[in-house]
Structure formats: structure tokens, C-alpha cells
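Counting starts at 1 for both ligands and their atoms, in listed order. Residues take their numbers from the sequence shown, with the count starting at 1.
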Amino acid sequence: MVDKKLSGAGLRGQEAGETALCTVGQSGTGLTYLGYDISELARDSTYEEVAYLILYGELPSVEELDKFCTRLSTMRNLPQELCATLESIPATAHPMDVLRTGISILGNFEPEGDHDRQYEVAERLIAASPSIVNYWYQYSHEGNRIDLDTRAKSTAEHFLRTLIGEIRHDLFVRVMDVSLILYAEHEFNASTFTARVCASTLSDMYSCVTAAIGSLRGPLHGGANEAAMELIQTFDGPEDAIQGILEKLSRRELIMGFGHAVYREADPRNVIIKGWSEQLSNLVGDTKLYPISCAIEKVMWEQKKLFANADFFHASAYHLMGIPTKIFTPIFVISRMVGWVAHVMEQRSNNRIIRPSAKYIGSEPRPFTPISDR
Ligand SMILES: CC(C)(COP(=O)(O)OP(=O)(O)OC[C@H]1O[C@@H](n2cnc3c(N)ncnc32)[C@H](O)[C@@H]1OP(=O)(O)O)[C@@H](O)C(=O)NCCC(=O)NCCS
């Protein structure tokens, strides 16, 4: 067995390439997109402004933003053939599998061809992903063929309208918007790195994105917000939660929504989504989820010096807005789509195929024994 700490397992701390898109705590810079601090972006901008920034390198003017939003709003419909396939996928399917399949099918009907159209394809993927997941969800769970042509001003509004119908409070749209900003980009995380490896072979954008969705699906990456929700819901109140967490820790179980591969003391996204989760909790009169979440956060820090990452308070925030738990990880896809496609384009702009080496730890060279002699 290889010692994980000595072997540098997981490529921790190793620079595997260059990016101008994002910093994740390097040299005290914290989380920044194109030089802008996440707390300012989450406070003062919208997801579409951030998406434009990440795609085109600068914050948009009023006119540029208006045109960008209009383009996205006209790209949200899906080809009939794709809708038909989504209708054939059962309600029991994993929504991440649905997204992976949906994006892949879109690539058959609207192939990228050469890379001249990459910005158009990138925008199409950002616009189409909420439609794919919600069309399938509404048809398979409610028997509804939803109208995707909502002409909603924002991705957040389109997403909520097509998923939960009537939006009871304006705050829901703002929280969803902030959530999309927080998840939009995060340097060389597992799914983005997957997309870049795929891009480095000069593959098409759809292949890069479906590969990334596969990486994000795992519970150690995107699946953590769903797992956190399932955990929080097992407790009746804060005292019960503290007891339950202590027992889990004594069994050396992983507590989903805590810890991070890069951040060491805090995840800067946590304080932001935690604040919104508290506001939602007050708005809808929740007396359970938020206090339980706070109790778990406290005991995790006291016992293990482990902090809540971006996923933990997203669980209560999404739930309080009426979003089904199985749709939590797809929201991560919808948001991170912008980061993935921007990284694909950045990789293409200065490409060399990514092909690392492995340290060999296998058997010494040995003579081959024909099967008849074994
Ligand atoms: C994110 C994660 C994969 C990072 O893994 P990592 O870089 O290997 O983590 P660290 O090196 O910081 O782990 C240090 C120790 O804390 C433990 N630890 C880390 N996260 C933990 C958690 N959420 N619950 C309990 N223990 C945890 C590790 O098991 C390790 O213990 P060990 O030294 O006895 O082996 C890991 O923290 C995790 O699995 N978290 C839960 C899943 C999650 O929330 N993912 C979303 C990330 S944004």
C-alpha cells in the first residue's frame, strides 16, 4: 500500500498548467475570477455579468450585458429530438446521467465542427443545461411538457420557473443567482481538469463537458451538497445533530460538505451562502434546517478543525426554496458550465496534449510464461 501523504497522492499543490481565469487562495489572493474577489461579485453582480466576465475576460457594459442576456434567453429551447429522448428517460434515473446524456445528444444535432464557433457553442451550453434537466424532471416526475421559451431575464429565473413554477419570493431568484455565481469557476478542480485534459486532445466542446459532468457526479466533488442535505435531514434538532456527528466522527465517517482539497481554514463561499441560507430560513419560517446546520458546523470545527465548504449551506438554501434534493448537483453543472467552457477555450488557445507520467510501483521485469505452462 502506498502512503498517500508521502506519495503526494491526488496531485495536491502541484501546478498542472496555467490559467488566467481564477485563483483559489494562492498567495493570499483568496477566490477571485479574473482578478475580482468572489465576495464583491456575489454582492454586486449577477450570474450573467460573471459568466460574461469568465467567457470574454472583462466585465460587460450595460449594452454588452443586455445583448448577452438576450442571446442566452433565445438559446434555451431544445431540439424536438432531444426532448423526445428526455421523455424516454425514467424518473428513477440520476439527473447527472440525464444531463450527461442530454448534452451529448445536443452535440449530435448541433455539432461544434471546427473551433471557430466555440463561443456560440459555449453560450448554447450555458443556456441549454437548465432546460435539459428541468424538461426531464417535469416530464418524468409530473407528466408536464414544460414551455422552455420562458424569455426569463436571467438563468436563475428561468431555472426556478421551469423547475418549481411559481416563484413565491423575489429573494429566491437572488439567492439562486448568487449560488450560480459562487459555483461558476474554481480553477483546476477535478471536473475542470477533466475538461481540460479532454480539450488538450483537440476534442469538441460537448465531449469536454460530458467528461466534466462525469467527474462532477462523484460525492467527493459535486455530489456533496446532496449528501449534506440527506445528512441534515436525519436529525431532529441541534442537540441530536451534535450527538449524531460525534458518533459518525468516532466511526471515522466522512461528513459531506466539510473540508477542502485546497482551502485550509475556510471556504470563502461558505460565509456568503450561509448568510443567504439564514435569510431564507427567516423568510419561510424554518426553525430546523438552519439551526441544525449551524450546530453541525460548530461541532465539526471544534472536533476536527474542519470547516463547511461551499456545499454545506447550499443544502439548506436550496431545500428552503423548494428545490428537490436530486436537482442540487445539476445546479452545480448549470453554474460551472461557464468555468468549464472557458477553460476549454483557454486550453485550446495555448495547447499541448496533457499527458503526465506515473511513478511505476509494479513488478520487476519478468519472463512471459505461455498459458499452457501456467
Ligand atoms: C474535499 C475533500 C475530498 C478533500 O480531501 P483531502 O484533500 O484528501 O482532505 P484533507 O487532506 O484535508 O484531509 C485531512 C484529514 O481530514 C479528514 N477529513 C477531510 N474531510 C473530512 C470530512 N468531510 N469529514 C471527516 N473527515 C474529513 C480526512 O479523512 C483526513 O484524515 P486522515 O489524515 O486521518 O486521513 C474531503 O475533505 C472530503 O471528502 N470532504 C467531504 C466531501 C465534500 O464535501 N466534497 C466537496 C468539496 S468542495
Side-chain angles (χ1 to χ4, degrees), residues 1-16 22-26 30-31 33 38 42 96 179-194 212-235 241-274 277 292-293 295-319 325 328-333 335-336 339-340:
M1 184 59 131
V2 185
D3 184 322
K4 279 205 229 167
K5 289 193 174 78
L6 291 180
S7 69
L11 301 176
R12 288 293 179 286
Q14 297 184 34
E15 288 178 356
C22 180
T23 62
V24 179
Q26 296 99 325
L31 173 56
Y33 300 165
I38 191 66
M96 291 293 279
S179 169
L180 295 175
I181 293 172
L182 295 180
Y183 277 136
E185 164 53 10
H186 217 221
E187 201 227 23
F188 278 21
N189 56 84
S191 57
T192 302
F193 195 62
T194 303
I213 291 173
S215 286
L216 188 69
R217 188 190 194 289
L220 296 188
H221 190 8
N225 52 17
E226 290 181 30
M229 188 67 229
E230 279 149 23
L231 172 77
I232 295 163
Q233 279 181 316
T234 60
F235 301 121
I242 291 168
Q243 205 47 46
I245 295 297
L246 289 174
E247 283 165 20
K248 283 178 183 296
L249 290 179
S250 71
R251 293 194 296 268
R252 297 183 64 81
E253 283 182 33
L254 269 185
I255 309 300
M256 293 306 183
F258 285 86
H260 199 271
V262 179
Y263 300 123
R264 291 292 108 196
E265 292 186 350
D267 181 333
R269 301 165 296 182
N270 176 52
V271 66
I272 301 169
I273 195 61
K274 183 181 175 185
S277 176
I292 288 175
S293 304
I296 297 175
E297 185 186 34
K298 189 161 175 285
V299 72
M300 284 299 286
W301 183 253
E302 286 169 357
Q303 295 293 317
K304 296 278 289 182
K305 291 288 170 280
L306 280 168
F307 52 86
N309 59 43
D311 292 324
F312 189 65
F313 279 93
H314 261 108
S316 50
Y318 289 160
H319 185 87
T325 305
F328 289 7
T329 313
I331 301 174
F332 200 154
V333 173
S335 166
R336 184 59 58 82
W340 289 337

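- Short contacts between ligand 1 and Leu220, defined as distances under 4.0 Å to a heavy atom of the residue, involve ligand atoms 39 (O), 45 (N), 46 (C), 47 (C).
- At least one N/O-N/O distance between Arg12 and ligand 1 falls below 3.5 Å.
- When the ring-ring contact (aromatic ring centres under 6.0 Å, His included) test is applied to Tyr263, the partners found at least two apart in sequence or on another chain are His186, His260.
- Taking only nitrogen or oxygen atoms, main chain and side chain alike, Arg252 reaches within less than 3.5 Å of ligand 1.
- Every atom of ligand 1 is numbered from 1 in the order shown, and the set under 4.0 Å from a heavy atom of Glu253 is 25 (C).
- Per-residue contacts place Ala261 under 4.0 angstrom from the following atoms of ligand 1 (heavy atoms of the residue considered): 4 (C), 7 (O).
- Nearest-heavy-atom check against atom 22 (C) of ligand 1 across Leu254, Leu249, Asn225, Asp267 picks out Leu254.
- When the ring-ring contact (aromatic ring centres under 6.0 Å, His included) test is applied to Tyr33, no partner is found at least two apart in sequence or on another chain.
- Contact between Gly257 and ligand 1 is present, with at least one heavy atom of the residue lying under 4.0 Å from the ligand.
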For Thr325 and Glu230: C-alpha separation, side-chain torsions, deciding distance, then whether side chain to side chain contact (heavy atoms under 4.5 Å, CB included) applies.
CA-CA 8 Å; Thr325 305; Glu230 279 149 23; 4.2 Å; yes
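- Arg251 CZ: more than 12 foreign heavy atoms inside a 6.0 Å radius.
- Every atom of ligand 1 with a heavy atom of Arg264 under 4.0 Å away is listed here by number and element: 12 (O).
- In terms of polar-atom proximity, defined here as any N/O pair under 3.5 Å, Pro219 makes no such contact with ligand 1.
- At a threshold of 4.5 Å between non-hydrogen side-chain atoms, the residues Phe258 and Ile245 do not count as touching.
- Between Ala224 and ligand 1, a contact under 3.5 Å exists for no N or O pair.
- Near His221, with a cut-off below 4.0 Å to any heavy atom, the atoms of ligand 1 are 46 (C).
- Taking only nitrogen or oxygen atoms, main chain and side chain alike, Phe258 reaches within less than 3.5 Å of ligand 1.
- Two rings, from Phe332 and His314, have their centers 6.0 Å or more apart.
- Listed by atom number, the atoms of ligand 1 under 4.0 Å from Asn309 heavy atoms are 43 (C), 44 (O), 46 (C), 47 (C), 48 (S).
- The backbone N or O of Phe188 lies less than 3.5 Å from no partner atom in the side chain of Thr192, so there is not a single donor-acceptor pair.
- Ser215 and His221 are not linked by any side-chain donor-acceptor pair at a separation below 3.5 angstrom, with hydrogens and angles left out of the test.
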Apply the test side chain to side chain contact (heavy atoms under 4.5 Å, CB included) to residues Cys22 and Leu31: give CA-CA distance (whole Å), side-chain angles for both, the deciding distance (0.1 Å), then the verdict.
CA-CA 7 Å; Cys22 180; Leu31 173 56; 3.8 Å; yes
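- Polar contact with ligand 1: absent for Asp311 (N/O pair, distance under 3.5 Å).
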